[in-house]
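Reading through the structure tokens given below for one structure.
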Amino acid sequence: MNNMTICNYIVSVVGLALGALIMHAAAAFPMQFTENGPGPGFWPFSLGCALAVAAVVLLAFTFTKRADLSGQRVSLNTPANKRVYIMMGLVVAFCVLINLLGFYPAAAALIVATMKLMDYHNKKGILLTTVLTLAFIYLVFGVLLHTQMPQSIFLS
């Protein structure tokens with residue numbers, strides 16, 4: 001499995017599957033444009049399309065260059081890759097925490113954890129970044145766009 005060609009094929013199939021799942025989930029929401037802009041399903045559906053297109057491009061590239069890529073080895077356990085795996089775990093934890101705690105506490109935890117993962121340990125900088133990011137999200141989505149962010153299941 002350390003062959004670049006095989007890894008690219010796996011990533012392409014997973015990317016296509018995720019893109020299709022995102023598009024399917026987004027299709028449950030209105031996508032049409034109104035005087036207020038696109039519906040809530042438009043951007044997630046677009047993201048799913050972009051992911052699927054990127055997967056197809058990777059698949060085509062790998063298919064056309066498979067002879068060159070088959071000689072390249074992939075190392076999955078480098079320190080840099082381990083950070084990627086941890087970040088993927090943080091995103092999954094964020095998705096779970098959104099349901100348990102609500103969007104803003106989950107986002108605060110994700111921001112702090114991501115900054116620490118990236119070896120930034122200045123407490124004032126982390127606090128300032130977290131507060132300013134959450135304030136920006138609140139102003140744009142809560143105040144300007146009147147979007148209700150997910151709340152804790154305990155408050156529903």
Side-chain angles (χ1 to χ4, degrees), residues 1-2 4 6-59 74-156:
M1 160 100 157
N2 288 343
M4 179 69 83
I6 294 170
C7 288
N8 281 359
Y9 285 143
I10 291 170
V11 168
S12 295
V13 169
V14 170
L16 273 171
L18 284 174
L21 285 171
I22 291 170
M23 288 186 285
H24 177 71
F29 297 96
M31 286 188 248
Q32 66 272 12
F33 280 78
T34 66
E35 65 275 356
N36 296 327
F42 179 79
W43 293 115
F45 190 86
S46 299
L47 180 64
C49 287
L51 182 58
V53 167
V56 168
V57 168
L58 178 63
L59 190 62
V74 176
S75 178
L76 298 175
N77 60 354
T78 65
N81 285 348
K82 288 178 183 175
R83 279 190 178 191
V84 172
Y85 307 144
I86 292 170
M87 189 66 219
M88 292 165 92
L90 288 174
V91 170
V92 169
F94 172 68
C95 293
V96 171
L97 287 176
I98 284 177
N99 288 324
L100 294 175
L101 304 176
F103 176 79
Y104 292 106
L110 179 68
I111 293 167
V112 171
T114 302
M115 292 181 78
K116 288 188 181 242
L117 179 64
M118 297 298 136
D119 285 334
Y120 188 82
H121 299 288
N122 181 326
K123 290 180 182 178
K124 288 181 184 177
I126 291 172
L127 179 64
L128 185 63
T129 300
T130 303
V131 169
L132 290 177
T133 301
L134 294 179
F136 177 79
I137 292 169
Y138 174 75
L139 288 174
V140 170
F141 292 97
V143 176
L144 295 175
L145 298 175
H146 306 290
T147 304
Q148 178 69 33
M149 299 308 253
Q151 293 183 352
S152 169
I153 58 172
F154 302 114
L155 297 177
S156 302

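Since we're looking at a predicted model, the values are computed, not measured.
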Where [X] and [Y] come nearest, the two heavy atoms and their spacing:
| X | Y | result |
| --- | --- | --- |
| G15 | A55 | C-CB, 3.9 Å |
| L100 | S152 | O-OG, 2.5 Å |
| N77 | N81 | N-ND2, 4.4 Å |
| A108 | L134 | CB-CD1, 3.7 Å |
| M23 | A52 | CE-CB, 4.1 Å |

Practice task
Start with the C-alpha distance between F42 and F33, add both sets of side-chain angles, then the distance that settles ring-ring contact (aromatic ring centres under 6.0 Å, His included), and finish with yes or no.
Solution key: CA-CA 9 Å; F42 179 79; F33 280 78; 5.0 Å; yes
Could you tell me the separation between the [atom1] atom of [X] and the [atom2] atom of [Y], rounded to the nearest 0.5 Å?
| X | Y | atom1 | atom2 | result |
| --- | --- | --- | --- | --- |
| T130 | L110 | OG1 | CG | 9.5 Å |
| K82 | L117 | NZ | CG | 13.5 Å |
| C49 | I22 | SG | CD1 | 10.0 Å |
| I137 | T147 | CD1 | OG1 | 11.5 Å |
| D119 | R83 | CG | CZ | 4.0 Å |
| C7 | L58 | SG | CG | 10.5 Å |

Problem - Inter- and intrachain pairs under ring-ring contact (aromatic ring centres under 6.0 Å, His included), touching residues 84-126, at least two apart - result: none
Problem - Set of side-chain contact (heavy atoms from CB on, under 4.5 Å) partners for V13, sequence neighbours left out - result: none
Practice task
Not counting sequence neighbours, which residues clear side-chain contact (heavy atoms from CB on, under 4.5 Å) with P105? List them please.
Solution key: L101
Practice task
Evaluate whether atom CE of M118 has more than 12 neighbouring non-hydrogen atoms of other residues, nucleotides or ligands under 6.0 angstrom away.
Solution key: yes
Problem - Worked check of side-chain contact (heavy atoms from CB on, under 4.5 Å) between N122 and M115 - result: CA-CA 9 Å; N122 181 326; M115 292 181 78; over 6 Å; no
Problem - Side chain proximity check, V140 to L145, heavy atoms < 4.5 angstrom - result: yes
